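Below is one structure, written out as structure tokens, with a few remarks after it.
Source: prediction; values computed, not measured.
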Amino acid sequence: MSILGWVVLGLLAGWIGSHIVDNRGKGPMLDMVLGIVGALVGGKIFMVLGAAPVSGVNFYSLFVSVVGAVVVLVGYHAVMGNRRL
């Protein structure tokens with residue numbers, strides 16, 4: 001998948017994941033970074049479970065990325081608490 005594909009998928013996954021976790025979002029840049037990290041984490045989680053990882057810009061990859069973004073955001077909130085950047 002291209003860099004642009006990762007950025008688009010990461011932005012969407014971060015934005016959706018941040019609204020699932022805290023319904024406010026953390027800003028577009030942090031959402032994108034956490035979404036890209038979430039896509040990688042989601043891909044690893046799904047590979048360990050025996051499912052296909054992120055394969056391109058499609059609904060399945062978006063689902064995998066959002067699951068990973070939610071995991072990353074929950075961890076982020078556990079570490080950062082109520083602090084804002």
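Rounded to the nearest 0.5 Å, atoms CG (Leu40) and CD1 (Ile45) are 11.0 Å apart.
The minimum heavy-atom distance between Ala13 and Ser65, with the atom names listed, is CB-CB, 3.5 Å.
Residues Phe46 and Val67 have side chains in contact (heavy-atom distance under 4.5 Å, counting atoms from C-beta outward).
Taking hydrophobic clusters as Ile, Leu, Val, Met, Phe, Trp and Tyr residues chained together by side-chain heavy-atom distances below 4.5 Å, Leu62 shares a cluster with Leu49. By the rule that hydrophobic residues join a cluster once side-chain heavy atoms approach within less than 4.5 Å of another member, Val48 and Val70 end up as members of separate clusters.
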